[in-house]
Amino acid sequence: MRWMIAVALVALIGCKQQSADKPQSPAGEAATPPAAKKLSVGFSQVGAESAWRTAETKSIRGEAEKRGVDLKFADAQGKQAQQIQALTSFIAQKVDVIVLAPVVETGWEVVLRQAKDANIPVILVDRGIKVSDESLYTTLIASDFVEEGRMAAEWLAKKMNGKANIYELQGTTGSAPAIDRKKGFEEVLQKYPDMKIVKSQSADFTRAKGKEVMEAFIKSDRDQIQAVYAHNDDMALGAIQALDEAGMNPGKDVTIISVDAVKGAFEAMVAGKLNATVECNPLMGPLVFDTINKVRAGEKVPKFIQNKDQLFEQANAAQVIGSREY
Ligand code: AHR
């Protein structure tokens, strides 16, 4: 009996000692230390119109998860009004940072002013905007779309020996990549008077519309079509389908160049149906969160952080396809 009382006393003293080491709440209970607040980021994405866009979303979401960031994701389904609504809601929720991939270039002043007044930095990803006051956003992380257009035109002019009837599939009207890829392409064509854009129409960056617009071009201009310049791979893949179905020969009788360098474009090049693609890197998750950390630490970041891109041709597609990450 005596030894049982001794054991109970030792256990009691041990317990008291342990709880004395822990911080105590005013009520005397042991308090758990407050959990560190997670960084909260609101990400307003354009939508899921292309394989490129899906890869970008995956990269940003994956990186947020890896770093334990509370990412509030909003898909705008291609509508600016929905993006403005998402931003307004992020501001009301007092997120730490907003990441915006803007559908179009204009119409952002009011909501970005609200973010600025609430001291929430805005990081633009992949597409730029036009604002009268550049302090409304912190930085833009993107490719140089004008340069992509130039690269495509230089390649096509060389391939066609400076002479071609070109049919252009434009991206979403009013979006930075549609405006700038056209601008860079046309700038280079000035040097080649026999390289002519015969028809140019928006196909909204989607495969379905790329096919639809190409079908209309074939219907009216079948025998004149020598080259296609598509502002993204998805539209080029739709156009290839239309040309195939019309019994034409994409990649041989019709030379096709597009932008993005997604896996599907490499498959089409390996199959001999697409001739070239200009890369536009969507894997920006790590860079986005590194930049956010710098901004929050008070470091100055450049106004434009540029992704570097390169051009891939049919000839080296089979070699490269295995190493493509998107
Ligand atoms: O802003 C980048 C462009 O948007 C990509 O080239 C295109 O595929 C996309 O949807």
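One-based numbering, in listed order, for ligands and for the atoms of each. Residue numbers count from 1 along this sequence.
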* To do: Would you tell me whether Ser143 and Lys308 have side-chain atoms, one donor and one acceptor, within less than 3.5 Å of each other?
  =>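 The answer is no; no qualifying pair exists.
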* Side-chain donor-acceptor pair present, Trp155, Glu313, cut-off under 3.5 Å ->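 Side chains of Trp155 and Glu313: pair found under 3.5 Å.
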* **Summary of side chain to side chain donor-acceptor pair (under 3.5 Å) pairs that have at least one residue in residues 274-290, sequence neighbours excluded** =>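 Qualifying pairs, neighbours excluded: Arg67-Asp290, Asp233-Thr277, Glu279-Arg324.
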* Between Arg113 and Asp133, is the closest basic N to carboxylate O distance under 4.0 Å? ->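 Salt bridge present between Asp133 and Arg113.
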* Centre of Phe73's six-membered ring, under 6.0 Å away, within 45 degrees of the axis: is that where NZ or CZ of Arg61 sits? ->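 Yes, Arg61 lies over the aromatic ring of Phe73.
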* Hey, does the Lys NZ or Arg CZ of Lys294 hover above the aromatic six-ring of Phe289, less than 6.0 Å from the centre and inside 45° of the axis? ->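 That pair does not qualify as a cation-pi contact.
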* Run through ligand 1 for me and note each protein residue having a heavy atom under 4.0 Å from it, chain first, then residue number. =>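 Within 4.0 Å of ligand 1, the protein residues are Glu49, Ser50, Trp52, Arg53, Asp126, Arg127, Phe145, Pro177, Arg181, Phe205, Asn232, Asp260.
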